[in-house]
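Read through the structure below, which is laid out as C-alpha cells, and then see the notes.
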Amino acid sequence: MVMEKAWSFGLVLLWFSTLSCYLVNAADDKNGGFGASFIFGDSLVDAGNNNYLPTLSRANIPPNGIDFKASGGNPTGRYTNGRTIGDIVGEELGVPNYAVPYLAPNSTGKAILYGVNYASGGGGIMNATGRIFVNRLGLDIQIDFFNNTRKQFDKLLGSSKAKDYISKRSIFSVTIGANDFLNNYLLPVLSIGARISETPDDFVDDMINHLSDQLTRLYKLDARKFVIGNVGPIGCIPYQKTINQLNENECVDLANKLAMQYNGRLKELLTELNGKLKGAIFVHANVYDLVMELITNYAKYGFTTASEACCGNGGQYAGIIPCGPTSSMCQDRDKHVFWDPYHPSEAANLIIARQLLDGSTKYISPVNLKQLRNL
C-alpha cells in the first residue's frame with residue numbers, strides 16, 4: 001500500500017514536471033524565447049480592465065475599437081480606435097497574444113504566460129488620483145494584482161522556472177502619471193484646496209517618491225526589465241485646447257510645465273534605480289518629446305490635424321465630451337493624431353511604438369525595446 005502511494009505520488013510529480021516543461025517550451029516556440037509582457041498604467045494602455053469596474057471611465061462603447069481587427073471592430077475597452085501602444089509593442093516583440101486584462105474572466109492558466117495587462121483608465125501613481133471616476137485601479141492596486149499573478153506563475157511553472165521566466169525574459173512596462181495632473185492636481189474646482197496646501201514641487205516629489213517605492217516592489221517580485229514612460233504634453237490634448245479656447249498651435253503652459261518638471265525628476269529616478277537595484281535595467285521612454293514631435297510636425301507624418309479629436313463633441317476641437325455612440329466621428333481616422341479628447345489614434349500609436357521598439361536614445365534610452373528583449 002505504501003509502495004502504491006509512493007508510486008502514485010511519483011507519477012503526479014512527473015506529470016507536473018512534464019507539464020511545466022511543456023508550458024515553458026510552448027511559449028519559447030511561439031515567441032522566440034521572449035517571456036511575458038506585463039503592462040501597468042492608465043487609459044493609454046488599458047485593454048479592458050475598466051469594463052469590469054463600476055466606474056465612470058469606460059471605453060467599451062462604440063465607436064471605440066472600430067479599427068481593432070482582433071475584435072472585428074467591436075469595442076474592447078481600449079481608449080482608441082484600434083491598438084494601444086502596448087498592443088503594438090507586444091506584437092513586434094513576438095508575443096503571439098495580446099496581454100490579457102487582469103480583471104477579465106480568461107486571465108487564468110496558460111493565457112497569462114504571454115502577459116497580463118493591469119492598466120486602468122483614470123489610474124495614477126497617487127491613490128487619490130482619478131477619484132472623480134468613482135472606481136479605477138491605481139498603480140498600488142495594479143502591483144497588488146501582479147503579486148497574485150506572480151504566485152500563479154509559481155504554480156504553473158514551478159518556482160525556479162517562474163523566476164527565470166519573469167526576471168530574464170519578460171518586460172514590465174509602466175505608462176502612468178498624466179492622470180496625477182489632469183485628474184488630481186489640475187482637476188478644475190476639486191483640486192483648489194490641494195494646490196493651496198501643496199506646491200507643484202511638493203506634489204512632484206510625492207509622485208516620484210511613491211513611484212520609487214512601487215517600482216522597488218515590482219523588483220522584489222522578480223521584475224528586472226522595465227520600460228517607464230514619462231508624461232506626454234498634456235497641455236496640448238484636444239480637451240485642454242478646447243476648454244481653454246486656444247488657437248491650433250497653442251498649448252496650456254502650466255500643464256506642460258508640470259509634465260516637464262515631473263519628467264526631469266523621473267529621469268533622475270531611473271538613473272538612481274539602475275545603480276541601486278542589482279540586475280535591473282530601467283529604460284526611459286521619452287513619450288513627451290515623441291508626442292510633441294507628432295503634434296508640431298503632424299503633416300510630415302501624414303496627419304491633417306493634431307488639434308481636433310476624431311471622435312468627440314463640444315467646442316472647436318471636439319474636445320469636451322468623450323467618444324461614444326452619439327459623438328461625431330471623422331472618416332479619415334488615420335489622419336488624426338488624436339482619436340478622442342485625450343488619447344492618440346492607432347495611427348499615432350504606431351509611430352510612437354516603432355520609435356520605442358527601434359528608435360535612438362533621443363526617444364528611448366539606454367536601449368530600445370528590441371535591444372531590451374535580447375538582453
Side-chain angles (χ1 to χ4, degrees), residues 42-51 55-88 91 98 101 119-122 132-133 175 178-179 182-183 232-252 291 294-353:
D42 53 31
S43 55
L44 290 170
V45 287
D46 187 350
N49 279 306
N50 276 26
N51 299 354
T55 178
L56 299 177
S57 178
R58 283 193 176 191
N60 60 339
I61 51 174
N64 292 296
I66 190 170
D67 298 307
F68 190 65
K69 292 178 182 176
S71 69
N74 293 311
T76 61
R78 287 166 169 81
Y79 294 74
T80 185
N81 58 307
R83 292 166 294 169
T84 68
I85 295 170
D87 294 328
I88 298 162
E91 281 181 0
Y98 296 124
S120 171
I132 191 173
F133 301 118
T175 304
N179 282 318
L182 293 174
N183 292 303
I234 51 177
C236 302
I237 62 176
Y239 170 74
Q240 289 283 355
K241 286 191 175 189
T242 300
I243 64 169
N244 289 282
Q245 299 181 327
L246 300 183
N247 294 327
E248 195 167 354
N249 61 348
E250 290 181 311
C251 297
V252 178
V291 176
L294 284 185
I295 290 170
T296 305
N297 300 305
Y298 62 87
K300 171 183 166 184
Y301 297 92
F303 296 105
T304 57
T305 176
S307 298
E308 188 176 348
C310 172
C311 182
N313 277 325
Q316 184 179 354
Y317 305 112
I320 295 178
I321 301 171
C323 181
T326 60
S327 300
S328 60
M329 183 181 69
C330 70
Q331 294 305 307
D332 52 347
R333 297 185 288 276
D334 60 345
K335 300 295 184 184
H336 283 63
V337 171
F338 287 97
W339 162 245
D340 67 11
Y342 302 92
H343 308 99
S345 63
E346 183 186 60
N349 283 337
L350 267 168
I351 294 169
I352 295 165

- prompt: With side chains defined as the heavy atoms from C-beta onward, is the minimum distance between Ile61 and Pro325 less than 4.5 Å?
  reply: yes

- prompt: Side chains of Pro344 and Val291: does their closest heavy-atom pair fall under 4.5 Å?
  reply: no

field: Backbone of Lys335 reached by a side-chain donor or acceptor of Thr304 within 3.5 Å
entry: yes

- prompt: How far apart are the closest heavy atoms of Ala318 and Ala309, and which atoms are they?
  reply: O-CB, 3.6 Å

query: Would Tyr317 and Thr305 count as having a side-chain donor-acceptor pair, cut-off 3.5 Å?
result: no

pair check: Cys330 + Cys311, SG-SG < 2.5 Å: no

task: Please report the shortest heavy-atom distance between Glu248 and Ser307, naming the atom on each side.
output: CG-OG, 3.0 Å

query: Any idea which heavy atoms bring Tyr79 and Asp340 closest together, and the distance?
result: O-OD2, 4.2 Å

- line: Distance col, row Leu182:CG vs Ser43:OG, nearest 0.5 angstrom, shows 9.5 Å

task: Report the C-alpha distance between Phe338 and Ile295 in whole Å, list the side-chain angles of each, state the deciding distance to 0.1 Å, and finish with yes or no for side-chain contact (heavy atoms from CB on, under 4.5 Å).
output: CA-CA 9 Å; Phe338 287 97; Ile295 290 170; 4.0 Å; yes

Non-hydrogen atoms of Arg83 and Glu91 that approach each other most closely: NH1-OE1, 2.7 Å

Nearest heavy-atom neighbours spanning Pro101 and Ala47: CG-O, 3.5 Å

field: Residue pair Trp339 / Ile66, side-chain heavy-atom distance below 4.5 Å
entry: yes

message: Can you tell me how far apart CG (Asp334) and CG (Leu350) are? Round to the nearest 0.5 Å.
response: 10.0 Å

field: Inter-residue atom distance Phe133.CZ - Asn179.CG, 0.5 Å rounding
entry: 6.0 Å

task: Would you give the length of the straight line joining atom CE of Met329 to atom CG of Asn64, rounded to the nearest 0.5 angstrom?
output: 10.0 Å

message: Quick check against the 3.5 Å criterion: does Asn313 have a side-chain atom that pairs as donor or acceptor with the backbone of Thr326?
response: yes

query: So do Thr76 and Tyr98 actually touch side chain to side chain, heavy atoms under 4.5 Å?
result: no

task: Could you tell me whether the side chains of Arg78 and Thr80 share a donor-acceptor contact shorter than 3.5 Å?
output: no

task: Can you measure from CG (Leu44) to OG1 (Thr84) and round to the nearest 0.5 angstrom?
output: 9.0 Å

- prompt: Where is the tightest heavy-atom contact between Ala306 and Leu294, given as atom of each residue plus distance?
  reply: CB-O, 4.4 Å

- request: Measure the spacing between CD1 of Ile85 and OG1 of Thr175 and express it to the nearest 0.5 Å.
  value: 6.5 Å

- prompt: Where the side chain of Gln240 meets the backbone of Ile237, is there a donor-acceptor pair that is under 3.5 Å apart?
  reply: no

- prompt: When you check the side-chain N and O atoms of Asp46 and Ser120, is any donor under 3.5 Å from an acceptor?
  reply: no

